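Encoded as structure tokens, the structure appears first; notes follow it.
Every number for a ligand or one of its atoms is a count from 1 in the order of the listing. All figures in this text were calculated on a predicted structure; none of them were measured in a lab.
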Amino acid sequence: MNTPFPSIEQLRTQLTSREISAVELTEEYFHRIRSTSHQLNCFVSLHEDSALQAAREADSDIARGRDRPLTGIPIAHKDIFCIEGKKTTCCSRMLQSYVAPYSATIVENLENAGAICVGTTNMDEFAMGSSNETSANGPVRNPWNLQHVPGGSSGGSAAAVAARLVAACTGSDTGGSIRQPASFCGVTGFKPTYGRNSRYGMVAFASSLDHPGCLTNSVEDAGRMLSAMAGNDTKDSTSASQEPIGWSSSTRPRRLGYPTRLFADLPQSIARPLEEARHTLEAAGNTIVEIELPHFDVAVSAYYVIACAEASTNLARYDGIRYGHRSKFDGNVEDMYAQSRSEGFGMEVKRRILTGTYVLSVGHYDSYYMKAQKIRRLIRDDYLRAFHQTDVILSPSTPTTAFRLNAMDLDPTDMYKQDQFTVPVNMSGLPAMSVPCGFSDGLPVGLQMIAPHFRESELLELGIDYQNLTDWHQQQPCLPKT
Ligand code: GLN
């Protein structure tokens, strides 16, 4: 086994004992980023000056004993979160020159906890995609195999964390965009309950499904990030006021819901590591309880109706006047809107806007949008029923390991099926996490754990137990030397 990379807790100990300074640590990360990130294309922008300034302040805070939970820890933000005075582009031509006038609440919360932002990470355009191939900045590559995708839409964050180019990253998850790339890149991806993290300052894709979260090298690191990010925010009307996220290190047996049918049709490459993970958890004293999720099969269709409907309204603001790219085209104002939108948005975003507008239009609203909303309720009820007899539900994170670049170019619905295990969880607003549980042909496999609303602590505790028994999360990709 390779030497485990330091956890956030270990880095904090090194910083507070002055074994290393925050400036040295930040410089070391920039050195790693400069020598490897071009192979992965995982960063959109680097904020070296402001990061080093923040690191100097962190050092003086540490010297004065003004220590906070993440003081001096280098992190990066997905390019969907506004950072005051910096570009936030959502990897779209539409927002190529947008400079955020304020910071997202979670960006502020992490800054207030002492974290140092080194830059922003690549993503699918407006977070629409499962492979990072829809980014206007070009695809990210999977650090375990450069010919394969890292997953999406938080592919840049997943690749950067997997390659240890930052200690942790933020991400957003509307239908799986934290858990699917986490699974493809062999890192921990955590999406908390809807309302736990503020969406203020996160560019909206589908507001009722959008969840901010994080990608880290371990469950414990995810817990540290989440406790710093989360909290009630009056600037987001869907933000919840709840007790802070906590977790204890004592092991206790849990009832683990096992939707047998979901595991039945998996390829061997995924089935074998998941089976092993189940045995590990059982051997540790947890009980497996078979459950059923009867509406699972219709979740992807309903998700794409609701997500596209919400996207079509959210993205109406990019018209070249209120927001976004304005075409040089000379014509009347109607033509200018059309031309700006047609130049600014990529193919996948256009496809979603058209689909969303269609399902919301008179004559189609009842048969598509209303029906999808009813299915959404049934899916949520399935989970809530299953939680009567279980503490945490287990599921695959993805139906395959990371696929090759361009493998899904022909039919977009092949890509949509990538999300089958993750979208039902967004439709229900439940907290969920993907943890690495093995490899197949050198590519990581992820196990998904799902908990009842606001029971993030169940996931953290079970995940920490699992990572104490296994070392999958400590495996690191070996990038070719260039
Ligand atoms: N892959 C899904 C989609 O394209 C989910 C994206 C996301 O979670 N942001 O809609």
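The two atoms that bring S154 and S172 nearest to each other are OG-O, 3.3 Å, heavy atoms only.
Within 6.0 Å of OH in Y323 there are 12 or fewer heavy atoms belonging to other residues, nucleotides or ligands.
In this view, F403 and F184 satisfy the ring pair (Phe, Tyr, Trp, His ring centres under 6.0 Å) rule, not counting sequence neighbours.
Note on residues 200-229: pairs passing ring pair (Phe, Tyr, Trp, His ring centres under 6.0 Å), not counting sequence neighbours, are Y102-Y200, Y194-H211.
Protein residues are said to neighbour a ligand when one of their heavy atoms lies under 4.0 Å from it; for ligand 1 these are A127, M128, G129, S130, S153, D173, T174, G175, G176, S177, F205, Y303, Y304, R352, D419.
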Under 3.5 Å, side-chain donor or acceptor atoms of residues 369-381 against the rest of the protein: list the pairs with distances, not counting sequence neighbours.
from: Y369; atom 1: OH; to: Q373; atom 2: NE2; distance (Å): 2.8
from: R376; atom 1: NE; to: M427; atom 2: O; distance (Å): 3.0
from: R376; atom 1: NH1; to: S208; atom 2: OG; distance (Å): 2.8
from: R376; atom 1: NH2; to: S208; atom 2: O; distance (Å): 3.0

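A cation-pi arrangement, defined by a distance under 6.0 Å to the six-membered ring centre and an angle within 45 degrees of its axis, is present between R278 and Y258.
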